Amino acid sequence: MRYHFNEIEAKWQKYWSQNQTFKADNNSDKPKYYVLDMFPYPSGAGLHVGHPLGYIATDIYARYMRHKGYNVLHPMGYDSFGLPAEQYAIQTGQHPAKTTEENINTYRRQLDQIGFSFDWSREVRTSDSNYYKWTQWIFIQLFESYYCNDAKQARPVSELEEVFNAEGNYRINAAADENIETFTAEEWKNYSEKEKQEILAKYRLTYLSETEVNWCPDLGTVLANDEIVNGVSERGGHPVVRKKMKQWSMRITAYAQRLLDGLDKIDWPQPLKDSQINWIGRSEGAMVKFQISSSKFQNSEEFSPLGVMPEGQRGEKGWDIDVFTTRPDTIFGVSFMTLAPEHELVSKITTDEYKDAVEKYIEATSKRSERDRMADVKTISGQFTGAYAMHPFTGKKIPVWIGDYVLASYGTGAVMAVPCGDQRDYDFAKHFGIEIPNIFQDIDISENACEDKTAVIANSDFISGMPAKKAIKRIIYELEQKGIGKGKINYRLRDAIFSRQRYWGEPFPVYYKDGMPQMIDLEHLPLTLPEVEKYLPTADGKPPLGNAQVWAWDSVENRVVSNEEIDNKTVFPLELNTMPGWAGSAWYFNRYMDADNSDEFAGKEALEYWKDVDLYLGGSEHATGHLLYSRFWQKFMFDKGLVPVDEYAKKLINQGMILGTSAFVYRWEYNNEVYTDEPKKTIFVSKNLMEDIIKERSSIAEANKEKKVEQVDLLGLSDSGENQDAKWSHFTPIHADVSFVNASNELDIEAFKNWRPEYKDAQFVLEDGKYIVGREVEKMSKSKYNVVNPDDICADYGADTLRLYEMFLGPLEQAKPWNTAGITGVHGFLKKMWKLYHGGNDGAFFVSDQEPTKEELKTLHKTIKKVDEDIANFSFNTSVSSFMIAVNELTSQKCNKRAILEPLAVIVSPYAPHIAEELWGELGNKESISTADFPIFEEKYLVESTKNYPISFNGKFRFTMELSLDLSKEEIEKEVLVNERVQEQLAGRIPKKVIVVPGKIVNIVG
RNA sequence: GCCUUGAUGGCGGAAUUGGUAGACGCGCUGGAUUCAAAAUCCAGUUCUGGCAACAGAGUGUGGGUUCGAUUCCCACUCAAGGUACCA
């Protein structure tokens, strides 16, 4: 019987599905183990061989843990809201739900044929209203919560109101370290309901605010910074402008410190932790308040009396500029201040004299996106405002400038400029001829600023002579004494904008009464997406939901009604924005624990049982998106007592990308000037030929250094005369679809010609009658025509071969190129393994019940040991090697013993489950192999009595000697020195020293 | 610039705490089988010299520690990923 993988695989996939073999139980005496993959967005292109890599690794782990006696949860689902389905809907008018459904079906078919042990009964889809009902509910919980800095956790907003009623917000503000205007209990009670709501919004964990965003008018949506390249949208290249919009935001900044601290207790890759640490960007320093003079006061050098700005000189209330600095010790080096052009004080403090210039400058900078400004480091630009601040310690007048090197979004959007201690300030000062006072002892600043923190401070009054650390402490103390500053920890992390002007996302459970947002009660959720005619923004610039006819909330009936009823006093407009892509993925791992629950996002018992993810696997590209937001939501839900742990994934591994091997053909282009009248010819030159030509050309060019080489006919195409004047232009590499190329890089010319009409009549210049393509490793992508489809691999070699080969390619965490040619190796291994069990007549199944030999047991047990270790280290590639070694050895031992082959099937089964199930069945077992225990490694089978010692001379290996392992150091040395070959090597010399490491090596130093 | 990761044959990669570098597979070369091909099997395959035994070199570069370094330390080069006027 031959190894008919297609039949075997179909048979067992059907068996697993019918018997629900991998359904996980929420109640079990076994210990739990939760293995999670990052769920995919179901794109229209389907899976390529890069996608299942991580799923195969987790599937091996899940199956292994089942063999080891764990109750394993291994679920899968779809992150099914997203832009591509919406773009497709805009183009074709098809409802995104429909295309999404179709894509999911394709994904499911593709996943099923690879033989994953997913518990599909727990499937989640973020676009399913039974799921997003709970996403909406979590949003409401965030709205109803604020971050209490005393308790260091989220608390109900109702508690905050109680505090305000009792004592105002003085104490809360002091703890929160926020710039929220203070009020007393009395004042609070006198505020209108609307005023109260506006104040509470400043504390809620999700809130509406005017946010400056990257607005793309053509796409009708807000773009994230990384969706903009060179000032235009990445998708389509449309212009992008900065625009203020009312948006929902998530107060993730409240959790900045806890998100940092939490990293210490989870086993995640250090690079990933580093990028989160970077993203959060904690820096310690101080806030300092600089008072601004009134525009009338312009004349003298200093304000007096020192430190207190006289009434007549001081600017209006609220004109003070707060700055954040990490180097308060350099404050005596301040010679100017710079505000971001967008800073709210700019228009107020600018004097009449400079108004025009400042407006012009702001106009010029607003045209550049923030990212643009940051990318362009070299150009120094700025404008003096005419205003002056007072130095808090010297009373000196400090000119206030604006400059686009200061970013509105970091710190307070203003800096105290210390040109001697900061290179950017230095360059700015040099450029505009501003004074550069030196406040460092024995440091030359004539060329560059001194950013070295070990420099001693000088010329700085009471901190002169102090090292930085001490000076910082002292300055902060003095600032606090004067009441114009304090120590402060600043974070780079910004609150996350949570609104999108798109259709295919979760609707907010929000309607607006008097312009104030109102939440819809849980019992009326889900609030499902309305039907719209067009998926584009409305003519007046509203999001796509603005096209919906039935999108108003009846607050009495508690249901969605037609917009026409808004005139009615109890009917209100619903929110038109939808939630961003990361909303649904920020908590899905909890839903898997109890996916069918319709009363709760997940039941308490299920949450208590599964608790957290033991192993989470996915790409590192989610480091600062999904993996940060989901940690934030988990911490919030933990604070609310909704989940039992505040970090949801104990261990995380980033799988490396599988790269494609692109194929290139080389188009030779004639000089267009010569061929303006001719129909353009397309000639492709075979790779090695092209390389020879290039080489030859450069050597001809070398030989004729002075003469210009213009008329060279290296291809011999000029015989007809028509190409006599052909000038060299160059070779253009063009992607050819990899399916046209065989293993020896030979192009199927006919297939290529039929690919595109413009190649129909192309000419090919061959070598040895073949067209050889060039190859290059790139990201696997449809646009590079280097995508390899797993369907083809499964059909040609089988799912077990695909699974083994993906693991065999290299370490899981490393990026590695795919090359289908190598797949015959692992496929051959499976065939060889099959043969071990089918040594009967005509390849019939045949195993014997004889006692295995010592050698056979040794092979088996060293393999068990290796695979145990490899799986613990996620080193799946080396396991595949050891399977090959085992099968090679057993084959040469002619082993057909049940006592060896039965456990062998079990250890292979996590990797190649179909063939293992089949062999397991043939061995006479009635249950699925997944119920079998993993064989136990026994040391006794590996114990050796002798060792082939490597004998080295001066560290250089020469030959081996077989010696008993019972020998002592001295005995080994004795035996070695009397050996003939050793004597030969020594040639009469007496060794200085003999190093003997029993069981390892002998090294003779002479 | 900063942070992170990496660099080993023609290719993918292996080498547990420093102890025989190149496991395993692909590819390639030769052979068996076959009318032929596929499939299968056997042998060889880091480089240089040599028929061979063997000798020399060798894990990005340069230094160091050590009896012994792919492994540890220092400096550098290159590549990939992340991030960026972060005050």
Side-chain angles (χ1 to χ4, degrees), chain A residues 2 269-279 281-283 285 323-327 330 338 370-371 373-380 403-407 409-418 421-425 427-428 490-492 620-621 623-624 654 656-657 659 661 743-744 775 777 804-805 808-811 813-829 831-832 835 865-866 869 873 875 877-885 888 948-960 991-997 999-1006:
Chain A
R2 292 217 9 226
Q270 195 55 42
L272 195 150
K273 286 188 182 181
D274 287 340
S275 72
Q276 290 209 347
I277 290 167
N278 254 316
W279 193 259
R282 181 185 201 271
S283 48
V323 300
F324 173 74
T325 175
T326 54
R327 295 294 304 272
T330 62
T338 316
E370 190 156 310
R371 178 161 270 234
R373 272 162 55 182
M374 292 188 287
D376 180 16
V377 181
K378 289 197 182 84
T379 330
I380 295 166
D404 67 3
Y405 80 96
V406 177
L407 303 175
S409 61
Y410 183 77
T412 62
V415 300
M416 57 173 229
V418 183
D422 182 289
Q423 194 56 43
R424 293 156 305 172
D425 295 345
D427 296 339
F428 194 88
N490 194 51
Y491 298 92
R492 195 188 83 108
S620 59
E621 67 272 20
T624 53
N654 292 128
M657 215 187 327
L659 305 166
T661 311
S744 32
R775 308 226 75 156
V777 170
L804 281 174
Y805 189 54
F808 188 62
L809 280 176
E813 298 174 88
Q814 202 174 295
K816 49 212 168 275
W818 177 272
N819 181 1
T820 306
I823 204 165
T824 53
V826 287
H827 188 62
F829 153 74
K831 285 201 270 189
K832 225 168 162 179
K835 264 194 189 167
K865 182 171 189 243
K866 181 83 174 108
E869 286 167 359
N873 297 323
S875 175
N877 55 327
T878 50
S879 292
V880 180
S881 299
S882 44
F883 293 148
M884 290 173 169
I885 293 168
N888 286 345
N948 233 354
Y949 277 93
I951 310 296
S952 306
F953 291 81
N954 296 321
K956 193 144 204 85
F957 164 77
R958 291 293 156 179
F959 51 84
T960 59
K992 277 193 201 133
K993 202 171 167 188
V994 180
I995 312 267
V996 178
V997 184
K1000 290 263 185 202
I1001 197 171
V1002 177
N1003 188 19
I1004 298 163
V1005 187

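Everything quoted here is computed from the prediction, not taken from an experiment.
- When both distances must be under 3.5 Å, the Watson-Crick or G-U wobble mate of B/G56 is B/C47.
- By the side chain to side chain donor-acceptor pair (under 3.5 Å) test, A/Asn490 is found to be paired with A/Tyr410, residues two or more places apart in sequence or in another chain being considered.
- Atom P of nucleotide B/U5 and atom CG of A/Leu272 are separated by 12 Å, given to the nearest angstrom.
- With a 3.5 Å ceiling on both atom-pair distances, B/A39 lacks any Watson-Crick or G-U wobble partner.
- Taking OH of A/Tyr949 as the reference point, atom CD1 of A/Ile1001 lies at 11.0 Å (rounded to 0.5 Å).
- Atom name P, nucleotides B/U40 and B/G62: the rounded distance is 44 Å, in whole Å.
- Taking 4.5 Å as the limit, some side-chain heavy atom of A/Asp425 sits within range of a side-chain heavy atom of A/Tyr405.
- Two residues, A/Asn278 and A/Asp425, neighbour RNA chain B, and the one matched to the more 5' nucleotide by heavy-atom proximity is A/Asn278.
- Close to B/C86, at under 4.0 Å from its OP1 or OP2, lies no side-chain N or O of A/Arg282.
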Evaluate side-chain contact (heavy atoms from CB on, under 4.5 Å) for A/Phe959 paired with A/Phe953, printing each intermediate quantity in order.
-> CA-CA 10 Å; A/Phe959 51 84; A/Phe953 291 81; 4.0 Å; yes

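- Both distances falling under 3.5 Å, in either a Watson-Crick or a G-U wobble arrangement, occur for no nucleotide opposite B/U71.
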Taking protein heavy atoms under 4.0 Å as touching, what does nucleotides 39-45 of chain B look like 5' to 3' if B marks base contact, S marks sugar-phosphate-only contact and - marks none?
-> SSS----

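- At whole-Å resolution of the value, CH2 in A/Trp279 and P in B/G81 are 17 Å apart.
- The separation of B/G30 from B/A38, taken at their P atoms, amounts to 14 Å, rounded to a whole angstrom.
- Summarising the base pairing, B/U20 is matched to no nucleotide, lacking a Watson-Crick or G-U wobble pair whose two defining distances lie under 3.5 Å.
- Taking every side-chain heavy atom of A/Arg492 into account, B/A84 is the closest of B/C67, B/A55, B/A84.
- A/Leu272 and A/Asn654 make their closest contact through CD1-OD1, 3.2 Å (heavy atoms, listed as atom of the first residue, atom of the second, distance).
- With rounding to the nearest 0.5 Å, the separation of NZ in A/Lys816 from CE in A/Met657 is 10.0 Å.
- Atom C1' of B/G49 sits at a distance of 15 Å from the matching atom of B/G58, rounded to the whole Å.
- When rounded to the nearest whole Å, the span between CD of A/Glu813 and C1' of B/G6 equals 13 Å.
- Residue contacts shown for A/Asn888 are limited to sugar-phosphate atoms, with no base heavy atom under 4.0 Å away.
- A straight line from CG of A/Asn954 to P of B/U66 spans 15 Å, rounded to a whole angstrom.
- Where A/Tyr491 and A/Asp274 each meet RNA chain B at their nearest nucleotide, the meeting point lying more 5' is that of A/Asp274.
- Distance check on atom C1': B/C72 versus B/G22 gives 22 Å, rounded to whole Å.
- Nucleotides B/C3 and B/G13 are separated by 28 Å at their C1' atoms, to the nearest Å.
- Counting to the nearest Å, the C1' atom of B/G25 and the CH2 atom of A/Trp818 are 14 Å from each other.
- The distance from atom CG of A/Leu407 to atom C1' of B/A87 is 9 Å, rounded to the nearest whole Å.
- Between B/G60 and B/A7, the two C1' atoms lie 6 Å apart (nearest whole Å).
- When Watson-Crick and G-U wobble pairs are counted only if both distances are under 3.5 Å, B/A7 pairs with B/U77.
- The aromatic rings of A/Trp818 and A/Tyr805 sit perpendicular to each other, their planes meeting at more than 60°, with 30° as the lower class boundary.
- B/G56 and B/G64 have their C1' atoms separated by 25 Å, with the value rounded to a whole Å.
- Across every strand in view, B/U66 sits unpaired, with no contact that passes the Watson-Crick or G-U test at under 3.5 angstrom.
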Take nucleotides 9-21 of chain B nucleotide by nucleotide from the 5' end and write B, S or -, depending on whether a protein heavy atom sits under 4.0 Å from the base, only from the sugar-phosphate, or from neither.
-> ---BSS-BB-BB-

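- A/Asp422 CG to A/Thr330 OG1: the interatomic distance, rounded to the nearest 0.5 Å, is 8.5 Å.
- Judged by distance alone, the side chains of A/Asn888 and A/Lys832 do bring a donor and an acceptor atom under 3.5 Å apart.
- Annotated as anti: B/G68, whose glycosidic dihedral deviates from 0 by more than 90°.
- One interatomic measurement links the two molecules: NE2 of A/His827 to P of B/C26, which rounds to 12 Å at whole-angstrom precision.
- In terms of heavy atoms, A/Ala417 sits closest to A/Thr338 at CB-OG1, 4.3 Å.
- Here B/A84 presents its P atom at 13 Å from OH of A/Tyr410, a figure rounded to the nearest Å.
- In this structure B/U33 sits in no base pair that meets the Watson-Crick or G-U test at under 3.5 Å.
- The residue A/Thr824 sits close only to the backbone: its heavy atoms come under 4.0 Å of sugar-phosphate atoms, none of a base.
- Taken to the nearest 0.5 Å, the CD1 atom of A/Ile277 stands 13.0 Å off from the OG1 atom of A/Thr624.
- Put simply, A/Arg958 has a side-chain N or O that comes within less than 4.0 Å of OP1 or OP2 on B/G56.
- Partner assigned to B/G1 is B/U83, using Watson-Crick or G-U wobble distances below 3.5 angstrom.
- Here B/U4 is the nucleotide among B/U4, B/C3, B/C86 with the atom lying nearest to any side-chain atom of A/Pro271.
- Nucleotides B/U20 and B/A15, compared at atom C1', are 11 Å apart to the nearest Å.
- To the nearest 0.5 Å, atoms CE (A/Met884) and CZ (A/Phe829) are separated by 6.5 Å.
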